[in-house]
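Below is one structure, written out as structure tokens; the observations come after it.
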Number of protein chains: 2
Amino acid sequence: MKVTIYDIAKEAGVSIATVSKVINRGGRISEKTRNKVIKIMDELNYQPSVVASALTGKQTYTLGLLLPDLANPFFAEIARSIEDRAQEMGFNVVICSTDNSLDKEERYISLLKQKSVDGIIIATGVRNDALLKELVRQKLPVALIARDMPAVAVDIVLVDDFQGGYLATSYLIQNGHKQIAVIAEDTEVMSSKERIRGYRHALEEAGIPFNPELVRISDFSVKSGKIAAGELLQGLKACTAVFACNDLLAIGTIQAAREMKLSIPDDLSVVGFDNTILATIVDPPLTTIAQPIQDMGAQVVNMILRHINGGHTMNQRMVLPPELVIRSSVSRPRK
Amino acid sequence: MKVTIYDIAKEAGVSIATVSKVINRGGRISEKTRNKVIKIMDELNYQPSVVASALTGKQTYTLGLLLPDLANPFFAEIARSIEDRAQEMGFNVVICSTDNSLDKEERYISLLKQKSVDGIIIATGVRNDALLKELVRQKLPVALIARDMPAVAVDIVLVDDFQGGYLATSYLIQNGHKQIAVIAEDTEVMSSKERIRGYRHALEEAGIPFNPELVRISDFSVKSGKIAAGELLQGLKACTAVFACNDLLAIGTIQAAREMKLSIPDDLSVVGFDNTILATIVDPPLTTIAQPIQDMGAQVVNMILRHINGGHTMNQRMVLPPELVIRSSVSRPRK
DNA sequence: CTGAAAGCGCTAACAG
DNA sequence: CTGTTAGCGCTTTCAG
């Protein structure tokens with residue numbers, strides 16, 4: 001059988017309370033007994049049961065992570081960065097791909113609660129703040145990453161989406177483009193809204209009139225990006241550049257362009273968003289707006305741990321700057 | 001406070017034992033009391049504590065998943081497929097990226113054991129079977145996915161790597177290639193060995209002599225694929241095709257070729273392995289050997305759950321067939 | 001069919 | 001400094 005605290009206590013000739021104290025480095029214990037206990041512990045290869053300790057009100061050292069789809073490189077990278085930091089802090093993370101389905105979100109959250117995770121990090125769209133608010137009400141530590149949700153009081157880490165949209169668009173403008181389209185994944189989502197707002201701001205600043213025909217909505221996948229871009233390019237020969245609100249969509253538009261025998265960047269410039277591994281792999285390499293994924297991941301777990309340990313600190317909102325990564329998918333428009 | 005089984009019992013005017021029985025659909029309970037209890041349970045929004053139940057010897061409904069790197073698209077897709085099946089079966093999965101570091105593997109395994117996960121799925125290289133054997137000895141259910149380890153008695157799901165190497169190489173041969181190089185990620189790993197064996201078998205079958213100069217080792221990343229391919233192409237102008245043992249390496253090869261002004265597939269044909277999303281995104285789209293990732297994921301969790309529930313069934317070894325996915329990175333060699 | 005009671009492994013007062 | 005003891009929330013005999 002598994003070795004328990006009783007085995008250690010008996011073997012060491014002390015009480016379980018003593019053993020518990022040396023485990024938790026609490027209470028006053030003589031060097032002597034402490035050493036003896038420690039010795040026995042690793043002689044017997046003892047590993048305290050987190051389950052038992054959790055039952056007495058301690059932590060489970062487990063975090064839940066809700067995201068739309070682990071197979072999406074952006075979220076895989078986010079997950080990895082979170083996992084890394086969590087691991088450093090002695091936490092594990094359980095992954096929950098929701099496919100943006102409210103149903104799955106609910107089921108996962110319910111499961112996570114039953115398992116008494118110490119906190120939940122959310123990277124999903126969470127359409128209805130109701131779910132979220134409920135979590136907050138129940139005092140379950142929650143933190144959002146890469147998703148805004150102004151109406152709810154939780155910790156948040158995200159990139160400055162407005163700034164990102166602005167950077168992307170400005171860069172295109174600097175390169176001489178005037179007919180610039182946007183493809184966004186969904187206008188419901190705050191980040192899309194903000195990126196588009198940044199886009200419009202750049203346009204405005206440059207005195208370029210905003211043309212609603214040039215903004216397209218799709219969901220997020222290469223395929224739908226391709227479709228959206230196809231429609232766009234079909235209708236408007238005039239457009240010389242597109243700002244795709246994520247790399248997947250950017251790649252879709254590259255593919256659509258290629259199918260229409262448009263060369264990139266000569267016939268069409270495109271800039272993406274996220275700077276996932278995909279951006280380095282497409283041809284041409286994608287100029288894109290980088291999110292500081294490593295940093296964001298580390299920060300959310302810092303935040304949520306602070307919340308878990310420290311109690312109710314104020315809800316933080318950390319907005320990190322995006323960065324333009326120039327590769328080869330943008331050039332000056334053809335005359 | 002959180003509502004417990006006592007609250008339900010009191011409210012329903014029964015004992016906690018009765019409540020427990022209705023939760024576990026065990027024991028004989030009258031329809032009447034059962035319904036009453038159920039009603040109260042969801043009136044009070046009761047959710048049984050997995051932690052408490054686990055302490056009494058029940059399951060934690062949690063699986064550990066060890067893999068090299070979640071940010072690697074292949075493993076992200078594996079993880080996703082495992083997560084999906086696990087979720088269907090009421091299990092959660094905690095992700096552990098080991099970076100193939102023995103150290104991390106050990107730490108993660110230790111953590112997972114402390115948390116009493118019901119089983120561990122391993123997709124990591126696990127160099128030393130010692131760790132693995134220890135797990136088996138401790139009767140912790142273990143299953144391997146996409147990793148062979150003939151020396152240890154555990155459940156295994158993998159693709160027929162030999163067949164995959166054979167398919168890839170044969171296809172190249174059919175297309176008229178004779179000077180075919182291989183880039184593998186590491187010859188220590190069984191799957192690489194097998195793929196190379198398949199490669200050699202195809203060569204042999206076609207009466208093409210095996211040239212050791214044409215096999216290169218690298219680790220697995222686009223960058224190292226690029227380096228390996230660069231060296232290869234530098235030295236041997238003769239080679240007209242390369243079989244890269246995974247998509248990342250294939251992409252590295254494509255990039256190296258491009259840098260040397262070689263056109264793909266005209267100057268150099270390449271076929272990859274895995275059929276990750278990357279294969280659809282590179283230019284040209286990569287002809288590659290597909291692993292049935294969905295299926296593999298579903299099968300490992302089936303296996304490990306059988307092990308968890310059914311006790312010690314025989315160790316299964318499931319070898320799934322790979323499939324050649326033809327895209328555009330292969331053509332006949334230039335005359 | 002239902003309930004009382006003894007744990008599961010550990011923590012946290014409270015005594016000594 | 002160390003031990004006793006009462007739980008944590010749930011499962012599981014064993015009586016009734």
Side-chain angles (χ1 to χ4, degrees), chain A residues 1-38 40-41 44-62 110-111 113-118 138 309, chain B residues 1-38 40-41 44-62 90 110-118 138 309:
Chain A
M1 247 344 274
K2 207 163 177 318
V3 22
T4 76
I5 200 174
Y6 286 95
D7 303 319
I8 304 301
K10 190 188 302 172
E11 196 70 19
V14 298
S15 76
I16 59 167
T18 304
V19 178
S20 176
K21 275 168 199 146
V22 352
I23 293 171
N24 302 290
R25 15 187 120 281
R28 269 124 272 291
I29 302 282
S30 73
E31 268 311 298
K32 188 140 153 287
T33 44
R34 153 172 281 115
N35 286 143
K36 181 167 54 179
V37 170
I38 289 182
I40 306 262
M41 288 203 300
L44 270 55
N45 210 300
Y46 168 67
Q47 299 186 298
S49 157
V50 174
V51 172
S53 126
L55 189 56
T56 72
K58 299 277 237 155
Q59 296 171 200
T60 53
Y61 295 97
T62 305
S110 163
L111 259 177
K113 282 198 301 204
Q114 289 191 35
K115 296 196 179 166
S116 313
V117 297
D118 299 324
Q138 293 170 49
N309 300 315
Chain B
M1 247 345 272
K2 208 164 175 318
V3 21
T4 77
I5 200 173
Y6 286 95
D7 302 320
I8 304 301
K10 190 187 302 171
E11 196 70 20
V14 297
S15 77
I16 60 168
T18 304
V19 177
S20 176
K21 276 167 198 147
V22 351
I23 293 172
N24 302 291
R25 15 186 119 283
R28 269 123 271 292
I29 302 281
S30 71
E31 269 311 299
K32 188 140 153 287
T33 43
R34 153 170 282 115
N35 287 143
K36 180 168 52 181
V37 170
I38 290 182
I40 307 265
M41 287 202 302
L44 269 57
N45 211 299
Y46 168 66
Q47 299 186 300
S49 157
V50 173
V51 171
S53 126
L55 188 56
T56 73
K58 300 276 240 158
Q59 297 169 200
T60 52
Y61 295 97
T62 305
S110 162
L111 259 178
L112 292 176
K113 283 198 302 202
Q114 290 190 35
K115 295 196 179 165
S116 313
V117 297
D118 298 323
Q138 293 170 48
N309 300 316

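These numbers come from the heavy atoms of this one structure, side chains and all, not from hydrogens, waters or symmetry mates. Proteins come first, then strands; the chains are lettered A, B, ... in the order of their sequence lines, and each starts at number 1.
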In whole Å, I'd like the distance from the NZ atom of A/K10 to the P atom of C/dG9.
12 Å
Okay, side chain of B/D118, backbone of B/T60: is any donor-acceptor separation there less than 3.5 Å?
yes
Go through it in stages, so that I can follow the logic: the residues are B/I16 and B/K10, the test is side chain to side chain contact (heavy atoms under 4.5 Å, CB included), and I'd like the CA-CA distance, side-chain angles, deciding distance and then a yes or no.
CA-CA 8 Å; B/I16 60 168; B/K10 190 187 302 171; over 6 Å; no
Please identify each residue that fulfils side chain to side chain contact (heavy atoms under 4.5 Å, CB included) with A/V50, with sequence neighbours left out.
B/Q114, B/K115
Take atom NZ of A/K58 and atom P of C/dC10, then tell me their distance rounded to the nearest Å.
13 Å
N/O (side chain, A/S20) to phosphate O (OP1/OP2, C/dC10) under 4.0 Å
no
Whether B/T33 contacts C/dT2 is assessed here as follows: a side-chain N or O lying under 4.0 Å from the phosphate OP1 or OP2. Is that the case?
yes
Terminal helix-axis angle for the helix from C/dC1-D/dG16 to C/dG16-D/dC1, with five pairs defining each axis and rounding to 10 degrees
40°
Any donor-acceptor pair under 3.5 Å linking the side chain of B/D7 with the backbone of B/T4?
yes
Along nucleotides 3-8 of chain D, 5' to 3', which nucleotides get a B, which get an S, and which get a -, given that the test is a protein heavy-atom distance under 4.0 Å?
BB--BB
Which nucleotide, D/dT2, C/dT2, C/dC10, lies nearest any side-chain atom of B/S30?
C/dT2
Shortest side-chain distance from A/S49, nucleotide among C/dA12, C/dG9, C/dT2
C/dG9
Please find the pair of heavy atoms, one from B/I23 and one from B/M41, that lie closest to each other, and give the distance.
CG1-SD, 4.0 Å
Nearest 0.5 angstrom please: B/E11 CD to B/Y46 OH, how far?
14.0 Å
Could you go through the side chain to side chain contact (heavy atoms under 4.5 Å, CB included) check for A/K113 and A/Q138 one step at a time?
CA-CA 10 Å; A/K113 282 198 301 204; A/Q138 293 170 49; 3.1 Å; yes
